[in-house]
Amino acid sequence: MNILDEKLDELWRLTTHVVWQMRLDQQKAFEGLGVSLMQAFALMCISEGIDQPSSLAFVMDASPPGVSQLLASLEERGLVRRELDASDKRKVRILLTDSGKDFLEQMRERWRTFSRERFGRLSPEELSMITQSYRKIIDLSPGKGLASWEHEQEMDYE
């Protein structure tokens with residue numbers, strides 16, 4: 001076994017634990033807000049510029065009907081609204097409402113509260129390194145954002 005394969009085996013084991021722990025942290029953070037992890041992720045994606053249901057379905061790896069139901073539940077709560085695209089009436093855009101923006105800030109604050117203990121173990125340099133590593137892994141360079149990423153991927157989905 002070569003060094004890369006050994007590191008990949010270790011990363012698989014560690015990543016599985018990290019993902020599980022962060023999932024549990026998110027569940028605790030959003031507990032009481034009445035939002036699922038999928039709804040929370042959708043709100044974050046929308047806030048970062050993903051404004052097409054088909055693009056949201058692609059990023060979330062969800063079916064268009066599933067995303068439509070998720071958006072309907074967020075609409076019922078007044079967190080998002082759907083409107084026809086001004087330049088192309090065949091397209092629907094998803095936008096955060098003011099309540100949705102406030103709710104997203106509540107989610108961020110709760111996430112920070114639950115994450116301070118775990119990430120507080122890292123030095124500022126380690127936090128920068130892990131942030132840069134995450135960006136490389138998901139191919140988000142600084143300033144690129146999810147909206148740019150989804151725009152590049154959108155053509156593959158449709």
Side-chain angles (χ1 to χ4, degrees), residues 11 15 18-120 122 124 126-158:
L11 281 171
T15 300
V18 167
V19 167
W20 186 255
Q21 287 301 309
M22 294 191 67
R23 181 177 183 268
L24 293 175
D25 287 352
Q26 286 185 346
Q27 281 181 311
K28 289 177 197 169
F30 303 147
E31 208 170 59
L33 291 178
V35 65
S36 71
L37 295 181
M38 291 291 282
Q39 289 171 322
F41 185 60
L43 288 169
M44 183 190 72
C45 290
I46 295 164
S47 77
E48 293 181 351
I50 295 178
D51 67 352
Q52 301 290 316
S54 61
S55 299
L56 189 58
F58 176 82
V59 170
M60 297 181 75
D61 191 27
S63 69
V67 167
S68 185
Q69 284 182 334
L70 183 140
L71 290 172
S73 69
L74 294 173
E75 266 184 315
E76 286 175 18
R77 293 187 59 181
L79 302 175
V80 300
R81 72 175 192 277
R82 290 183 260 194
E83 64 181 38
L84 291 177
D85 187 299
S87 62
D88 185 349
K89 299 293 185 197
R90 295 171 297 167
K91 289 187 176 181
V92 173
R93 293 182 62 219
I94 314 161
L95 302 166
L96 284 180
T97 63
D98 288 339
S99 294
K101 291 173 188 173
D102 292 343
F103 189 80
L104 192 63
E105 188 51 41
Q106 279 184 295
M107 286 174 36
R108 281 187 186 120
E109 186 54 42
R110 290 181 66 106
W111 168 249
R112 285 184 209 119
T113 298
F114 279 87
S115 297
R116 281 186 183 107
E117 180 183 341
R118 186 174 310 283
F119 288 98
L122 303 175
E126 289 170 321
L127 284 169
S128 290
M129 190 184 311
I130 199 168
T131 302
Q132 290 170 352
S133 297
Y134 280 7
R135 283 187 178 130
K136 275 186 179 180
I137 290 168
I138 61 172
D139 194 25
L140 290 180
S141 55
K144 187 173 177 186
L146 276 177
S148 298
W149 178 83
E150 69 83 346
H151 180 70
E152 292 173 10
Q153 303 301 314
E154 191 174 48
M155 300 312 289
D156 294 336
Y157 184 71
E158 294 178 348

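Sequential numbering from 1 along the given sequence is applied to the chain's residues. These numbers come from the heavy atoms of this one structure, side chains and all, not from hydrogens, waters or symmetry mates.
Applying the salt bridge (Lys or Arg N to Asp or Glu O under 4.0 Å) definition to pairs two or more places apart or across chains, those involving residues 23-36 are Asp25-Arg118.
For Arg82, the side chain to side chain contact (heavy atoms under 4.5 Å, CB included) partners at least two apart in sequence or on another chain are Ser68, Leu71, Ala72, Glu75, Val92. Not counting sequence neighbours, Ser128 has no partner by the side-chain hydrogen bond (donor to acceptor under 3.5 Å, both in side chains) test. For Asp61, there are no salt bridge (Lys or Arg N to Asp or Glu O under 4.0 Å) partners at least two apart in sequence or on another chain. In this structure Glu109 satisfies the side-chain hydrogen bond (donor to acceptor under 3.5 Å, both in side chains) test together with Arg112, sequence neighbours excluded. Listed by chain and number, the residues in a side chain to side chain contact (heavy atoms under 4.5 Å, CB included) with Gln26 are Phe30, Leu37, Trp111 (sequence neighbours excluded). Remark: Thr131 engages Arg135 in a side chain to side chain contact (heavy atoms under 4.5 Å, CB included) (not counting sequence neighbours). Among residues two or more places apart in sequence or in another chain, the side-chain hydrogen bond (donor to acceptor under 3.5 Å, both in side chains) test is passed with Arg77 by none. The side-chain hydrogen bond (donor to acceptor under 3.5 Å, both in side chains) test applied to Asp98 returns no partner, not counting sequence neighbours. Residues passing the side chain to side chain contact (heavy atoms under 4.5 Å, CB included) test with Glu126, sequence neighbours excluded: Leu122, Ser123.
Environment of CD in Gln69: sparse, with no more than 12 heavy atoms of neighbouring residues, nucleotides or ligands closer than 6.0 Å.
How far CZ of Arg81 is from CD1 of Ile46: 11.5 Å, rounded to the nearest 0.5 Å.
Shown here for Leu96 and Ser47, the closest heavy-atom pair between the two residues is CD1-CB, 3.6 Å.
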